[in-house]
Engineer: 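This is the structure I have questions about; it appears just below.
Values below: every heavy atom of this structure, side chains too, minus hydrogens, waters and symmetry copies. The shown structure was predicted, so the numbers you read here are calculated from the model rather than taken from an experiment.
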Amino acid sequence: MIGMQIISHGELSQGIVHSLQMIIGETQQMAFDTLAENEEVDSFRQKILDQSRKLDRGHGVLVFVDMFGATPYNCAYYNSQFFDPNHYQIVAGFNLPLVIEAIMQREQMSLSQLVAHLRQAAIDTIVFQDKYSPP
């Protein structure tokens, strides 16, 4: 099974994991990491590296970060050098439906297949509704 790591500024990642568990129940091989306001970058990078290594049990780890180019992304990207490229992928920008989709599909796909699937699925996870129309 592909490990999943969700990383964010503040408590966003913890909230996503909590909401996910409310909807689909307890999940295995999943963790979140939060960047505290005054946390040292080097210690944060090491913390998420240690977590990534724990989550990769042979099928890789998919790392969700809250924003492209920000500290969580930069640390995850730096850490990618310590993994085989086929075992470590980063998705910058996430929402609850996308994370749920990843959880639901991660046992049926390789990491590269899952990332390709999520790239397409991401288009459907945010809906702009111009006027009210009941579902």
Engineer: List the residues meeting side chain to side chain donor-acceptor pair (under 3.5 Å) with T125, not counting sequence neighbours, and say none if there are none.
Structural biologist: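 Once residues adjacent in sequence are excluded, the partners of T125 under the side chain to side chain donor-acceptor pair (under 3.5 Å) criterion are N95.
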
Engineer: Is a donor on one side and an acceptor on the other found under 3.5 Å between the side chain of S13 and the backbone of F32?
Structural biologist: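 Pair absent, no side-chain N/O of S13 close to backbone of F32.
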
Engineer: Could you give the distance from CD1 (I16) to CD (Q21), rounded to the nearest 0.5 Å?
Structural biologist: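 Separation between the atoms: 12.0 Å.
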
Engineer: Please assess V65 against S8 for the test side-chain contact (heavy atoms from CB on, under 4.5 Å), listing each intermediate value before the final yes or no.
Structural biologist: CA-CA 6 Å; V65 297; S8 70; over 6 Å; no

Engineer: I'd like to know whether H9 forms a side-chain hydrogen bond (donor to acceptor under 3.5 Å, both in side chains) with E37, so could you lay out the CA-CA distance, the side-chain angles of the two residues, the decisive distance to 0.1 Å, and finally the verdict.
Structural biologist: CA-CA 8 Å; H9 294 84; E37 193 169 333; over 6 Å; no

Engineer: Report the residues that fulfil side chain to side chain donor-acceptor pair (under 3.5 Å) with Q46, sequence neighbours left out, ordered by chain and then residue number.
Structural biologist: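 Q46 satisfies side chain to side chain donor-acceptor pair (under 3.5 Å) with D50 only.
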
Engineer: Test of understanding: with side chain to side chain donor-acceptor pair (under 3.5 Å), list the residues that count as partners of N74, not counting sequence neighbours.
Structural biologist: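 Applying side chain to side chain donor-acceptor pair (under 3.5 Å) to N74 gives none.
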
Engineer: K47 and T34: which non-hydrogen atoms are nearest, and at how many Å?
Structural biologist: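 Heavy atoms of K47 and T34 come nearest at NZ-O, 3.1 Å.
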
Engineer: Which heavy atom of C75 sits nearest to which heavy atom of V41, and what is that distance?
Structural biologist: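 Minimum heavy-atom contact is SG-CG1, 3.8 Å.
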
Engineer: If every non-hydrogen atom of S52 is compared with every non-hydrogen atom of V63, which pair is closest and at what distance?
Structural biologist: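 Closest pair (atom of S52, atom of V63, distance): OG-CG2, 4.4 Å.
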
Engineer: Looking at Y77, I want to see if its OH is surrounded by more than 12 non-hydrogen atoms of other residues, nucleotides or ligands under 6.0 Å.
Structural biologist: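 Counting other residues, nucleotides and ligands, OH of Y77 stays at 12 neighbours or fewer.
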
Engineer: Could you pull out the closest heavy-atom pair between M67 and Y73, with the gap in Å?
Structural biologist: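 Closest pair (atom of M67, atom of Y73, distance): O-CB, 3.3 Å.
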
Engineer: Please give me the minimum heavy-atom distance between Q29 and M1, naming the atom from each residue.
Structural biologist: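 Scanning both residues, the minimum pair turns out to be NE2-O, 2.9 Å.
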
Engineer: Does the cation-pi check pass for R53 over F82, that is, NZ or CZ under 6.0 Å from the six-membered ring centre and within 45° of its axis?
Structural biologist: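 Yes, a cation-pi geometry.
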
Engineer: Where is the tightest heavy-atom contact between D56 and H59, given as atom of each residue plus distance?
Structural biologist: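 Closest approach of D56 to H59, heavy atoms only: OD1-N, 3.6 Å.
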
Engineer: Nearest 0.5 Å please: distance from the CD atom of Q89 over to the CD1 atom of I2.
Structural biologist: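 The CD1 atom of I2 is 9.5 Å from CD of Q89, to the nearest 0.5 Å.
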
